[in-house]
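This is a predicted model, so every value here is computed, not measured. When a residue number appears, it is its place in the shown sequence, counting from 1.
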Amino acid sequence: MAKRATRKSAKRLARETFESGDYNGGNIHPLFNADEWSPVEESYGKKRGPEKHEQRDQKYRKNIKAQNESQQQFMDALDDHSLVIASGPAGTGKTYVAVAKAVEALEQGHVSRIVLSRPAVEAGESLGFLPGDMEEKLSPYLRPLFDALSDRLSTKRLKTLMAENIIEIAPIAYMRGRTLNNAYVVIDEAQNCTYVQLKMLLTRLGWHSTMVITGDPQQSDLLPGISGLDDIATKLDQLDNVKVINFKDKDVVRHPLVAEMLGVL
């Protein structure tokens with residue numbers, strides 16, 4: 001009992017010292033200098049003043065807004081078409097918008113599941129065999145999709161949806177023969193798919209489903225002439241029920257230097 005009372009007294013003293021801001025002469029020291037930057041401040045570069053700034057809590061954005069005209073066209077196309085192909089340079093928000101719209105459709109009950117797929121192709125180097133089961137082997141390749149999902153859903157909810165197979169990881173190698181009904185399908189990094197692979201993926205589209213194919217034809221990791229994204233996009237652009245969105249360098253919403261580099265590389 002005496003030890004418990006001592007611990008409670010120590011905790012109370014620590015709390016009172018922290019709230020009063022009087023650290024001198026005690027055993028409690030602030031992790032950050034009170035006169036310099038603090039991670040709980042509302043903005044960078046501001047020094048802590050007489051009034052304490054409220055600590056910011058992480059929030060998950062429920063709605064997204066288009067950052068440019070091309071993104072608005074992309075978002076409108078996803079609302080009006082069952083098949084959309086988004087082609088263009090890196091940093092234009094193709095993957096993020098596609099995943100965000102997939103989560104939105106799931107939350108609103110328009111679809112019953114999200115299917116994510118991405119070619120297991122390394123960017124110019126081979127890491128050899130990866131340990132684990134199928135999902136663990138594919139996890140490094142699907143990291144960009146997980147990042148976008150984590151920005152839209154909490155980690156706990158994301159794990160729950162994946163455990164219940166509501167959010168499914170579908171390797172391209174095992175997609176043949178499937179019919180994806182009532183699903184939101186996102187095929188990312190499609191520039192690393194061959195013409196035959198993309199044709200197979202496109203024909204998986206089922207009833208009440210939406211399929212989004214994203215990719216950058218200029219960053220294919222396949223041998224020259226092997227990628228089928230450009231050919232598929234050109235042929236399907238002739239169909240009224242298929243929408244092809246072509247992003248440009250000016251549509252880059254990542255670091256401004258990315259757009260400048262793309263103009264000279």
Hey, could you give me each pair passing salt bridge (Lys or Arg N to Asp or Glu O under 4.0 Å) that has a residue in residues 154-176? Not counting sequence neighbours. Glu107-Arg157, Arg113-Glu168, Glu168-Arg178
Decide side chain to side chain contact (heavy atoms under 4.5 Å, CB included) for Ile213 and Leu201; before the verdict, give the C-alpha distance in whole Å, the side-chain angles of both, and the deciding distance to 0.1 Å. CA-CA 10 Å; Ile213 296 180; Leu201 291 170; 5.6 Å; no
Would you mind reporting whether [Y] and [X] have side-chain heavy atoms less than 4.5 Å apart?
{"X": "Ser220", "Y": "Asn192", "value": "yes"}
{"X": "Val97", "Y": "Leu78", "value": "yes"}
{"X": "Val185", "Y": "Leu205", "value": "no"}
{"X": "Ile172", "Y": "Gln197", "value": "yes"}
{"X": "Ser227", "Y": "Pro217", "value": "no"}
{"X": "Met162", "Y": "Ile169", "value": "yes"}

How many angstroms lie between atom [atom1] of [X] and atom [atom2] of [Y], to the nearest 0.5 angstrom?
{"X": "Leu262", "Y": "Lys248", "atom1": "CG", "atom2": "NZ", "answer": "13.0 Å"}
{"X": "Leu198", "Y": "Asp230", "atom1": "CG", "atom2": "CG", "answer": "10.5 Å"}
{"X": "Asn246", "Y": "Ser70", "atom1": "CG", "atom2": "OG", "answer": "9.0 Å"}
{"X": "Gln73", "Y": "Gln71", "atom1": "CD", "atom2": "CD", "answer": "11.0 Å"}
{"X": "Leu236", "Y": "Lys199", "atom1": "CG", "atom2": "NZ", "answer": "11.0 Å"}

Which atom of [X] lies closest to which atom of [Y], heavy atoms considered:
{"X": "Asp79", "Y": "Lys101", "result": "OD1-NZ, 3.0 Å"}
{"X": "Ile232", "Y": "Leu202", "result": "CG2-CD1, 3.7 Å"}
{"X": "Ser87", "Y": "Leu229", "result": "OG-CD2, 4.4 Å"}
{"X": "Ala259", "Y": "Val252", "result": "CB-CB, 4.0 Å"}
{"X": "Asp249", "Y": "Pro89", "result": "OD1-CG, 3.6 Å"}
{"X": "His110", "Y": "Gln108", "result": "NE2-OE1, 2.9 Å"}

For residues 188-241, which residue pairs qualify under ring-ring contact (aromatic ring centres under 6.0 Å, His included), counting only residues two or more places apart or in two chains?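 Matches after skipping sequence neighbours: none remain.
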Quick one: which residue pairs count as a ring-ring contact (aromatic ring centres under 6.0 Å, His included) with a foot in residues 245-265, not counting sequence neighbours?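 The answer is Phe74-Phe247.
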Among Val212, Asp188, Asp147, which residue meets the side-chain contact (heavy atoms from CB on, under 4.5 Å) test with Thr95?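 It is Asp188; the other options fail the test.
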Counting distance only, does the side-chain N/O of [X] pair as donor-acceptor with the main-chain N or O of [Y] below 3.5 Å?
{"X": "Thr214", "Y": "Ala86", "value": "no"}
{"X": "Arg152", "Y": "Ala148", "value": "no"}
{"X": "Asp251", "Y": "Thr92", "value": "no"}
{"X": "Lys94", "Y": "Ile85", "value": "no"}
{"X": "Ser209", "Y": "Leu180", "value": "yes"}

Full working for side chain to side chain contact (heavy atoms under 4.5 Å, CB included) between Ile245 and Lys243: CA-CA 6 Å; Ile245 306 295; Lys243 187 67 176 180; 3.8 Å; yes
Take atom CG in Asp80; do more than 12 heavy atoms of anything else shown fall under 6.0 Å from it?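 Enclosed.
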Could you tell me whether Gln218 atom CD has more than 12 heavy atoms of other residues or ligands within 6.0 Å of it? no
Distance alone, cut at 3.5 Å: any donor-acceptor contact between the side chains of Ser112 and Asn182? yes
Side chains of Glu189 and Gln191, donor plus acceptor under 3.5 Å: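 Judged by distance alone, the side chains do pair up.
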Could you state whether Val253 and Leu145 fall into the same hydrophobic cluster, counting links through intermediate Ile, Leu, Val, Met, Phe, Trp or Tyr residues with side-chain heavy atoms under 4.5 angstrom apart? no
Please report the C-alpha distance between Leu153 and Ile167 in whole Å, then the side-chain angles of each, then the deciding distance to 0.1 Å, and finally whether the side chain to side chain contact (heavy atoms under 4.5 Å, CB included) criterion is met. CA-CA 12 Å; Leu153 298 165; Ile167 295 180; 4.0 Å; yes
Test log, rule side chain to side chain contact (heavy atoms under 4.5 Å, CB included), inputs Leu149 and Leu161: CA-CA 11 Å; Leu149 284 170; Leu161 293 175; over 6 Å; no
